[in-house]
Amino acid sequence: YKASLPTMYQENYLLWSKWLKNELKFQCINRILEVKKPKNVTYKTKTISGKTHAKAWVRILGPNNKKIAEVKADSKGNFTFKDLNLKALGGKKITIYSFIRDNFESRIFFGEIVKEITITVSK
(Lines give C-alpha, C1' and ligand atoms only; values in the text may rest on other atoms or scores of the structure.)
Protein backbone atom coordinates (compact mmCIF):
# COMPACT_ATOMS: atom_id res chain seq x y z
CA TYR A 1 0.00 0.00 0.00
CA LYS A 2 1.42 3.32 -1.04
CA ALA A 3 -0.16 6.58 0.10
CA SER A 4 -0.24 9.42 -2.37
CA LEU A 5 -1.52 12.96 -2.43
CA PRO A 6 -4.58 13.80 -4.49
CA THR A 7 -3.76 15.08 -8.00
CA MET A 8 -4.81 18.63 -7.11
CA TYR A 9 -2.18 18.81 -4.34
CA GLN A 10 0.51 17.33 -6.59
CA GLU A 11 -0.14 19.96 -9.30
CA ASN A 12 -0.15 22.79 -6.75
CA TYR A 13 3.11 21.55 -5.27
CA LEU A 14 4.78 21.47 -8.70
CA LEU A 15 3.56 24.99 -9.47
CA TRP A 16 4.68 26.25 -6.07
CA SER A 17 8.14 24.67 -6.42
CA LYS A 18 8.64 26.33 -9.84
CA TRP A 19 7.59 29.68 -8.41
CA LEU A 20 9.95 29.24 -5.44
CA LYS A 21 12.92 28.46 -7.73
CA ASN A 22 12.25 31.66 -9.70
CA GLU A 23 12.00 33.75 -6.54
CA LEU A 24 15.28 32.33 -5.24
CA LYS A 25 16.96 33.13 -8.55
CA PHE A 26 15.81 36.77 -8.33
CA GLN A 27 17.17 37.11 -4.79
CA CYS A 28 20.65 35.90 -5.72
CA ILE A 29 21.25 38.52 -8.42
CA ASN A 30 24.31 40.74 -8.37
CA ARG A 31 22.56 44.04 -9.07
CA ILE A 32 25.08 45.91 -11.20
CA LEU A 33 24.79 47.72 -14.52
CA GLU A 34 27.80 49.62 -15.84
CA VAL A 35 28.58 51.08 -19.23
CA LYS A 36 32.28 50.38 -19.83
CA LYS A 37 32.75 51.69 -23.37
CA PRO A 38 32.40 54.41 -24.51
CA LYS A 39 32.81 56.70 -21.53
CA ASN A 40 30.72 59.40 -23.25
CA VAL A 41 27.84 58.36 -25.50
CA THR A 42 27.44 60.67 -28.49
CA TYR A 43 25.09 60.67 -31.46
CA LYS A 44 27.94 59.04 -33.46
CA THR A 45 28.27 56.08 -31.07
CA LYS A 46 27.78 52.75 -32.85
CA THR A 47 28.50 50.31 -29.99
CA ILE A 48 27.87 50.38 -26.25
CA SER A 49 29.33 47.66 -24.04
CA GLY A 50 29.24 47.04 -20.33
CA LYS A 51 28.66 44.64 -17.49
CA THR A 52 25.60 43.45 -15.61
CA HIS A 53 24.55 40.23 -13.90
CA ALA A 54 24.96 36.93 -15.74
CA LYS A 55 22.47 36.01 -18.47
CA ALA A 56 20.42 39.18 -18.00
CA TRP A 57 18.66 41.01 -20.78
CA VAL A 58 19.69 44.62 -21.34
CA ARG A 59 17.50 47.10 -23.18
CA ILE A 60 17.91 50.69 -24.38
CA LEU A 61 14.85 52.93 -24.41
CA GLY A 62 14.63 56.31 -26.10
CA PRO A 63 13.08 59.46 -24.59
CA ASN A 64 9.57 58.33 -25.57
CA ASN A 65 10.10 54.85 -24.03
CA LYS A 66 10.49 53.31 -27.48
CA LYS A 67 12.82 50.30 -27.58
CA ILE A 68 16.03 51.09 -29.46
CA ALA A 69 17.91 47.83 -28.88
CA GLU A 70 17.96 44.72 -26.72
CA VAL A 71 20.70 42.15 -26.09
CA LYS A 72 21.36 39.25 -23.74
CA ALA A 73 24.40 39.32 -21.48
CA ASP A 74 26.76 36.34 -21.52
CA SER A 75 27.50 34.00 -18.63
CA LYS A 76 29.93 36.55 -17.15
CA GLY A 77 27.50 39.46 -17.49
CA ASN A 78 29.19 41.20 -20.43
CA PHE A 79 26.94 42.77 -23.06
CA THR A 80 27.45 44.74 -26.28
CA PHE A 81 24.98 46.72 -28.36
CA LYS A 82 26.15 46.84 -31.97
CA ASP A 83 25.14 48.92 -35.01
CA LEU A 84 23.32 51.57 -32.97
CA ASN A 85 21.81 54.57 -34.71
CA LEU A 86 21.63 57.42 -32.18
CA LYS A 87 21.73 60.35 -34.64
CA ALA A 88 18.19 61.49 -33.84
CA LEU A 89 18.88 61.33 -30.09
CA GLY A 90 21.63 63.97 -29.81
CA GLY A 91 21.02 66.03 -26.66
CA LYS A 92 18.30 63.66 -25.40
CA LYS A 93 18.29 61.10 -22.61
CA ILE A 94 18.26 57.34 -23.10
CA THR A 95 17.60 54.72 -20.46
CA ILE A 96 19.53 51.47 -20.21
CA TYR A 97 18.16 48.80 -17.92
CA SER A 98 18.74 45.15 -17.16
CA PHE A 99 16.06 42.63 -16.34
CA ILE A 100 15.42 38.92 -16.01
CA ARG A 101 13.32 37.17 -18.60
CA ASP A 102 12.18 33.80 -17.40
CA ASN A 103 9.79 31.07 -18.44
CA PHE A 104 7.31 30.22 -15.72
CA GLU A 105 4.18 28.22 -16.36
CA SER A 106 4.92 28.40 -20.12
CA ARG A 107 4.58 32.19 -20.09
CA ILE A 108 7.40 34.62 -20.68
CA PHE A 109 7.38 37.35 -18.08
CA PHE A 110 9.69 40.05 -16.86
CA GLY A 111 10.60 39.41 -13.25
CA GLU A 112 11.78 42.82 -12.27
CA ILE A 113 13.97 45.55 -13.60
CA VAL A 114 17.18 44.80 -11.78
CA LYS A 115 19.08 48.02 -12.44
CA GLU A 116 18.49 51.14 -14.51
CA ILE A 117 20.70 54.04 -15.61
CA THR A 118 19.97 57.18 -17.62
CA ILE A 119 22.50 58.67 -20.04
CA THR A 120 22.36 61.91 -22.02
CA VAL A 121 23.50 61.45 -25.63
CA SER A 122 25.96 64.24 -26.49
CA LYS A 123 25.64 66.16 -29.73
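Since we're looking at a predicted model, the values are computed, not measured.
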Interatomic distance, CG@Leu89 vs CD1@Ile60, rounded to 0.5 Å, equals 9.5 Å
Can you tell me if Lys92 has over 12 outside heavy atoms packed within less than 6.0 Å of its NZ? no
Looking only at heavy atoms, the pair that brings Ser75 and Ala54 closest together is O-CB, 3.2 Å
Thr42 meets the side chain to side chain contact (heavy atoms under 4.5 Å, CB included) criterion, sequence neighbours left out, with Lys44, Thr45, Ser122
Report yes or no: do Tyr97 and Leu86 belong to one cluster of Ile/Leu/Val/Met/Phe/Trp/Tyr joined by side chain heavy-atom distances under 4.5 Å? no
Applying side chain to side chain contact (heavy atoms under 4.5 Å, CB included) to Lys123 and not counting sequence neighbours gives none
CD1 (Ile48) and CD1 (Ile96) are apart, to the nearest 0.5 Å, by 4.5 Å
When rounded to the nearest 0.5 Å, the distance separating CG of Leu61 from NZ of Lys67 is 9.5 Å
In short, salt bridge (charged side-chain N to carboxylate O under 4.0 Å, His left out) pairs touching residues 71-90 with sequence neighbours left out are none
Separation between CD1 (Ile68) and CZ (Arg59), nearest 0.5 Å, reads 11.5 Å
For Thr47 and Pro38, the nearest pair of non-hydrogen atoms, with its separation, is O-CD, 3.4 Å
Applied to residues 65-92, the ring pair (Phe, Tyr, Trp, His ring centres under 6.0 Å) test, sequence neighbours excluded, yields Phe79-Phe81
dist Lys46:NZ -> Leu84:CG (nearest 0.5 Å) comes out at 8.0 Å
Sorted by chain and residue number, the side chain to side chain contact (heavy atoms under 4.5 Å, CB included) partners of Lys37 (sequence neighbours excluded) come out as Ser49
In one Ile/Leu/Val/Met/Phe/Trp/Tyr side-chain cluster, 4.5 Å: Trp57, Val71:
no
